[in-house]
Amino acid sequence: MITLKKYLKEKIYQLLKHDYPVNHSLLEMAYTPDLKMGDLALTFPFHLAKELKKKPREIAQEIVPRLSNIQGVDRAEVAGPGYINLFLNKSQFLNSRLDSLKNTSLSCEEDKIIVEHTNINPNKAAHIGHLRNAVLGDTLVRCLKFKGEKVEIQNYIDDTGVQVVDVIFGFMEIKNKNLSDIKKITGKFDYYCWDLYSSVSSYLKEHPESTERKAEILKKLEKGESPEIDIAHYISRNILRAHLKTMERIDVTYDVLPCESTIIKLKFWEKAFELLKKKNVIVYITDGVNKGCWVMKLEDAPEKEKIIVRSDGTVTYVGKDIAYQLWKFGLLKKDFYYEPFTQTNGKPIWITTEATKNNVPRFGNGSLVYNVIDTRQSYLQNIVVQGLKSLKYDAQAEKSIHFSYEMVALSLKSLKELKIQISDEDKGKNFLEVSGRKGLGIKADDLLDRLEQKAFTEVKKRNSELTKDQKIDIAHKIACGALRYFILKFTRNSLIIFDFEEALSFEGETGPYLQYTLVRIQSIFRKLKEKKISFDISPNEISFKALSQSELNDFWEIIFYASQFEEEVLHSIRSLEFSNLAKFTFILCQKFNAYYHKYSILSEKNQDLRNIRIFTIHYIQEILKRALFLMGIPQPERM
RNA sequence: GCGCCCGUAGCUCAGCUGGAUAGAGCGUCUGACUACGAAUCAGAAGGUCGCAGGUUCGAAUCCUGUCGGGCGUACCA
């Protein structure tokens with residue numbers, strides 16, 4: 001479709017350029033509201049009307065005869081007040097579409113793209129908000145790879161931040177546990193820390209004198225003193241493993257885990273600090289409220305200052321993030337060392353270390369960077385980009401993309417279901433933001449468990465002959481598909497107010513609906529094979545004459561729609577709006593299911609008719625498989 | 001105060017680089033299984049696209065204003 005549109009645009013341009021003031025963007029083609037009107041619509045007569053001092057319809061009528069000889073176009077028609085609608089040649093179109101299944105017409109534009117996503121603080125279990133981040137990031141990665149780009153997936157681990165300190169404090173002061181006690185904890189460690197973490201803030205409220213002890217832990221961590229540093233390491237690594245396991249459940253993986261602890265040890269910040277000072281991007285303040293700090297002046301508000309280095313000499317998060325962003329582009333002139341941390345599907349996930357190792361891969365040096373972070377961090381992300389710009393890295397600043405999205409909140413109904421007490425300050429709100437600190441949220445594993453459990457019941461109902469393991473496997477795939485589609489169907493700027501009933505639904509616009517559609521198609525092919533019915537699905541063998549006019553319309557509608565898949569992927573990448581892809585796939589499945597009910601295949605005696613129908617569902621199957629893969633929705637054989 | 005985002009059917013949301021009659025799912029009501037799998041399909045009811053101006057041949061879509069809601073604007077991350 002992409003190359004076809006491009007080809008048509010060029011042809012039309014060549015035909016008209018001498019006589020009409022047209023250019024390529026004017027010749028952009030739209031889809032008609034109804035295929036009876038034509039396949040593609042040109043709207044440029046409207047735009048030329050004023051300049052040519054003619055009515056749009058007159059212009060369209062003049063031009064239409066000239067377009068009749070374009071190869072691939074059967075005819076052109078004037079429609080409505082001045083549209084020019086093109087009718088494509090169907091068999092030529094089918095041939096070009098089958099070609100694009102074999103080798104995609106998409107191509108790579110970047111040397112290497114880095115996508116940073118997930119980034120969960122390693123101090124508690126992952127929750128529904130983190131799932132949104134991971135699913136969006138992972139879908140972006142899959143789409144970029146499909147486009148032909150080389151992609152590196154980074155998951156930044158803030159293993160020395162104040163959140164980890166809270167949990168260490170909880171263990172040492174509230175629970176009175178040392179490292180060996182902590183190691184004895186059984187059960188899900190991330191869940192244990194979830195409860196502990198949320199109890200720390202209320203404890204500190206009741207024991208304000210303990211705040212000093214917390215500050216002491218932070219200092220000891222920065223100096224690398226035992227036992228605090230060992231506890232921090234144990235907690236963060238253990239929880240990180242739990243997070244990776246959770247993400248593996250929804251088919252999300254990573255290449256490398258850059259750790260803040262390594263960034264500190266390898267003195268990345270010091271290097272960035274030098275650069276920033278040398279180029280006067282940050283200045284030392286000697287007077288006023290920010291006395292003793294290094295600050296960056298804000299571009300759009302010069303009266304404001306963002307503190308980069310605090311008066312006590314410690315660096316803020318933004319400062320570290322600037323250093324990290326510089327490293328991603330290969331601009332820091334410093335590098336990490338790595339060791340394998342774990343693996344998913346046989347593929348290693350590397351973690352940063354401060355010591356040399358042999359035979360390790362190299363990461364970083366991207367030419368384009370996506371940071372998948374929720375919209376609340378827009379302000380800080382802008383400062384990081386501004387930092388790059390001020391360092392005269394304009395090209396890299398341009399290529400630092402904040403993939404922002406809205407948060408996940410909990411409806412009052414969900415809170416009730418979770419038996420979470422609403423605090424006084426939150427009363428009167430319609431929904432509550434997910435918060436690890438407050439312990440407000442649905443743990444990712446809990447949600448996945450519930451989805452799997454429900455899916456298992458449904459599978460059992462329909463497939464009693466399967467073994468238990470098979471049922472578990474299918475239930476797992478359905479749960480993953482349901483979750484990923486549920487997250488993807490929202491646009492990224494839309495606040496998801498989480499509701500169990502909607503999230504747990506397997507009917508209507510859901511992941512399982514898409515999966516079920518594929519299962520149906522596969523089942524037809526399985527039966528064709530069982531019944532030894534042969535078929536030929538090359539478009540040259542297709543005889544349109546076998547089709548009635550109304551079936552030809554139905555056939556063409558579904559094929560033409562499916563063929564817009566690649567365009568849809570590119571559009572989704574450009575707009576970072578994967579709800580486009582989700583919606584496209586859903587509509588494709590709707591069209592298929594309607595087609596499926598209307599036309600039978602196995603019982604069709606007319607061989608030409610059967611062939612063309614098999615061709616149709618084969619093409620849909622190919623597109624659907626690709627679409628599901630890009631969204632990370634698993635493809636069960638049966639369900 | 002300033003900045004970003006949201007406001008479309010009873011509910012949850014698509015549609016927004018202007019284009020032909022505003023869509024879907026859920027819910028409600030009518031129908032369709034001795035099956036190419038009913039996790040499905042066919043149909044009905046349901047909308048002054050928050051409000052008011054403006055630009056345009058044409059506005060849910062762009063601009064301005066306004067009302068309502070969310071988030072950000074930390075020597076937290």
Side-chain angles (χ1 to χ4, degrees), chain A residues 25 28 30 32-34 37 41 43 46-47 49-50 55-57 79-83 85 119 121 158 161-163 260 289-295 298 300-301 304 306-312 314-318 320-321 374-380 382 404 406-407 409 411 429-431 433 437 455 458-459 461-463 478 482 489-497 499 501-502 505-510 512-517 519-521 523-528 531 571 574-575 579-580 582-583 586-587 589-590 593-594 596-604 613 617 638-639:
Chain A
S25 71
E28 211 55 68
T32 58
D34 189 326
M37 303 164 120
T43 56
F46 294 107
H47 302 281
K50 196 172 254 179
K55 286 184 179 160
R57 201 175 158 88
Y83 296 96
N85 292 344
N119 300 5
N121 287 322
D158 186 0
V162 289
Q163 299 84 355
E260 184 166 278
V289 280
N290 292 338
K291 187 178 173 190
C293 298
W294 288 86
V295 305
L298 299 191
D300 37 1
K304 283 192 181 167
K306 176 67 198 170
I307 291 168
I308 306 295
V309 180
R310 302 183 188 102
S311 52
D312 66 1
T314 56
V315 58
T316 59
Y317 161 75
V318 200
K320 282 179 270 192
D321 213 21
D374 75 70
T375 181
R376 290 170 297 182
Q377 298 215 34
S378 297
Y379 171 72
L380 294 176
N382 278 335
S404 79
E406 260 294 351
M407 60 184 186
S411 64
K429 291 188 178 176
N430 293 323
F431 57 83
E433 177 185 348
R437 177 170 290 275
E458 297 294 321
V459 173
K461 248 193 261 175
R462 288 156 235 247
N463 301 279
I478 292 171
K489 75 174 174 181
F490 293 89
T491 54
R492 62 194 168 96
N493 280 329
S494 160
L495 178 71
I496 298 181
I497 298 174
D499 182 84
E501 204 178 308
E502 278 174 58
S505 169
F506 293 163
E507 279 160 30
E509 192 185 347
T510 65
Y513 176 89
L514 309 187
Q515 293 171 314
Y516 182 66
T517 307
V519 165
R520 278 179 145 177
I521 299 179
S523 158
I524 295 175
F525 281 106
R526 198 173 53 236
K527 297 217 163 156
L528 281 170
K531 296 191 173 187
H571 183 218
R574 258 197 311 271
S575 55
S579 56
N580 279 324
K583 188 64 97 184
F586 172 65
I587 292 173
C589 288
Q590 270 189 323
N593 281 318
Y596 172 92
H597 273 266
K598 203 163 167 188
Y599 300 107
S600 56
I601 289 166
L602 292 174
S603 61
E604 179 54 55
R613 289 177 188 168
I617 67 163
R638 326 185 43 174
M639 62 188 277

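All values below were derived from every heavy atom in this structure, side-chain atoms included, with hydrogens, water molecules and symmetry-related copies excluded. Proteins come first, then strands; the chains are lettered A, B, ... in the order of their sequence lines, and each starts at number 1.
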Contact under 4.0 Å: [X] side-chain N or O vs [N] OP1/OP2:
| X | N | result |
| --- | --- | --- |
| A/Tyr513 | B/A24 | no |
| A/Arg376 | B/G70 | no |
| A/Gln590 | B/C41 | no |

Provide the distance between the two [atom1] atoms, one in [N] and one in [M], to the nearest whole Å.
| N | M | atom1 | answer |
| --- | --- | --- | --- |
| B/G68 | B/G50 | C1' | 8 Å |
| B/U28 | B/C36 | P | 29 Å |
| B/U56 | B/C13 | P | 36 Å |
| B/G53 | B/G69 | P | 24 Å |

Under a 3.5 Å cut-off for both contacts, is [N] paired Watson-Crick or G-U wobble with anything, and if yes, with which nucleotide?
| N | answer |
| --- | --- |
| B/G43 | B/C29 |
| B/A24 | B/U12 |
| B/G3 | B/C71 |
| B/U61 | none |
| B/U17 | none |

Between the protein and nucleotides 14-17 of chain B, which nitrogen or oxygen pairs are less than 3.5 angstrom apart?
unit_1, atom_1, unit_2, atom_2, d
B/A14, OP1, A/Thr491, N, 2.8
B/A14, OP1, A/Thr491, OG1, 2.3

Is A/Arg376 salt-bridged to A/Asp374, going by a charged N under 4.0 Å from an acidic O? yes

So, A/Glu604 and A/Arg613, do they make that salt bridge, N to O below 4.0 Å? yes

Heavy atoms only, 4.0 Å cut-off, all strands: where does [X] land among base, sugar-phosphate and nothing?
| X | answer |
| --- | --- |
| A/Ala594 | sugar-phosphate |
| A/Val318 | nothing |
| A/Asn85 | base |

Would you please determine if the base of B/G58 is stacked by A/Phe46, with stacking meaning a centroid separation under 5.5 angstrom and planes under 30 degrees? no

Please give, in whole Å, the distance from B/G3 C1' to A/Lys306 NZ? 15 Å

Who are the ring-ring contact (aromatic ring centres under 6.0 Å, His included) partners of A/Tyr317, not counting sequence neighbours? none

